[in-house]
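Here's the structure we're looking at; comments come further down.
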Amino acid sequence: MRTIQQLFDLRGKTALVTGGSRGLGLQIAEALGEQGAKIVLSSRKQTDLDEAVAHLKERGIIAEAIAADVSQESAIQPLVEEAMKRLGRIDILVNNAGATWGAPAEDHPTEAWDKVMNLNIRSIFLLSQAVGKASMIPNKYGRIINVASIAGLAGNGPDSMQTIAYNTSKGAVVNFTRTLAGEWGKHGITVNALAPGFFPSKMTKGVLQNLGVDNLSRRAPLQRIGDDEDLKGAALLFASDAGKHITGQILAVDGGVSAVH
């Protein structure tokens, strides 16, 4: 029987992390890399990726990067092929790349709706499908971690965010996670989702300024928003053999907000 340290050990494992050059994606990459996984980061901008790889290497993590815009279907297969070339196989896929758009529902631009949907859910389907076929299904092993949001668990109250496309896309991620878990369990693949609450990031900067960190903290039972460590433990559980009997689950990491609202 393995020790708990062995169950959480990712040495010899490989991971592809989208939206991995900053924010939540980089935090998750740190967690997996610190436990021994070899990391390939992907995002649109090579300069951001270069900084992120340097940051990970400073922490003793084996990391590389591939620039790709996963909102474009044409980018998916080349990304997977290049990641497979560098890693040999893909044991862990973290679908983190995402976008948001704020507008009243009655005035929400169609092109903005499509932009959010293409990145937040369509890319997750296409990338999971490609990685599943190239590596996880043949190898009878895989860990897929989708980054959803507590915005996918409920709507927004009056006088708060106006993000109908974002909420809808993250709600789709929630049920995509459950559905794929049901189909791919027979292949030894687990599929789970993290549902973060408010964390400081480039994407949430405007919302945090408008709604106020103190105000958002007061809504949470723990009286705080997330920080640079708070996704690490949950991500590691889903990525490692410590979570090998967990699939199709959505874990809110939100200071308790979704429990009381």
Side-chain angles (χ1 to χ4, degrees), residues 17-19 23-25 28 43-44 69-73 75-76 93-130 144-184 191-211 216 219-220 225-226 231 234-235 238 247-261:
V17 182
T18 70
L24 303 186
I28 293 171
S43 71
R44 287 180 303 138
D69 181 358
V70 293
S71 70
Q72 303 299 313
E73 185 173 354
I76 298 293
L93 171 63
V94 180
N95 286 310
N96 170 70
T100 189
W101 191 281
E106 64 273 21
D107 296 320
H108 201 291
T110 306
E111 62 272 21
W113 174 276
D114 290 341
K115 177 184 176 182
V116 171
M117 291 297 167
N118 284 344
L119 184 56
N120 290 13
I121 183 62
R122 194 168 188 267
S123 74
I124 289 180
F125 162 63
L126 293 170
L127 195 52
S128 298
Q129 185 182 60
I144 296 176
I145 303 171
N146 299 321
V147 178
S149 168
I150 59 169
L153 306 177
N156 301 324
D159 303 318
S160 65
M161 300 184 301
Q162 295 177 308
T163 51
I164 191 166
Y166 181 77
N167 289 52
T168 302
S169 71
K170 293 301 186 177
V173 172
V174 166
N175 220 33
F176 172 86
T177 298
R178 293 169 175 151
T179 305
L180 191 61
E183 287 200 28
W184 282 6
V191 188
N192 293 291
L194 300 168
F198 282 102
F199 279 71
S201 72
K202 187 174 181 180
M203 193 166 74
T204 62
K205 186 176 180 181
V207 175
L208 293 177
Q209 286 177 342
N210 291 336
L211 299 181
L216 291 169
R219 294 179 57 209
I225 64 170
L231 276 187
F238 286 156
T247 196
Q249 300 306 306
I250 319 300
L251 178 56
V253 185
D254 64 353
V257 170
S258 58
V260 298
H261 290 281

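Keep in mind that what you see is a predicted model, and the values were worked out from it rather than measured.
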Short question: side chain of [X], backbone of [Y] - any donor-acceptor pair under 3.5 Å?
X    : Y    : value
S169 : Y166 : yes
N192 : G248 : yes
N118 : R122 : no

Among residues at least two apart in sequence or on other chains, which ones pass side-chain hydrogen bond (donor to acceptor under 3.5 Å, both in side chains) with [X]?
X    : answer
T163 : N156, N167
T18  : none
T247 : none
S149 : none

I'd like to check the salt bridge (Lys or Arg N to Asp or Glu O under 4.0 Å) partners of E183; sequence neighbours left out, ordered by chain and number.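 Once residues adjacent in sequence are excluded, E183 has no partner under the salt bridge (Lys or Arg N to Asp or Glu O under 4.0 Å) criterion.
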Under the rule for salt bridge (Lys or Arg N to Asp or Glu O under 4.0 Å), what residues qualify as partners of R219, not counting sequence neighbours?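 R219 satisfies salt bridge (Lys or Arg N to Asp or Glu O under 4.0 Å) with no other residue.
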Set out, in order, the CA-CA distance, both residues' side-chain angles and the distance that settles side chain to side chain contact (heavy atoms under 4.5 Å, CB included) for F125 and L180, then state yes or no. CA-CA 9 Å; F125 162 63; L180 191 61; over 6 Å; no
Non-hydrogen atoms of [X] and [Y] that approach each other most closely:
X    : Y    : result
L251 : A234 : CD2-CB, 3.6 Å
P104 : Q162 : CG-OE1, 3.8 Å
I150 : A195 : CG2-O, 3.5 Å
V70  : A97  : CG2-CB, 3.9 Å

Who are the side-chain contact (heavy atoms from CB on, under 4.5 Å) partners of [X], not counting sequence neighbours?
X    : value
A172 : I121
A193 : N146, A148, T177, I250
A103 : W101, H108, P109

For a 4.5 angstrom cut-off between non-hydrogen side-chain atoms, does [X] reach [Y]?
X    : Y    : result
V257 : F198 : no
T100 : V116 : no
N95  : I145 : no
I225 : P200 : yes

What salt bridge (Lys or Arg N to Asp or Glu O under 4.0 Å) pairs are there with at least one residue in residues 105-121, not counting sequence neighbours?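 Listed by first then second residue: nothing to list.
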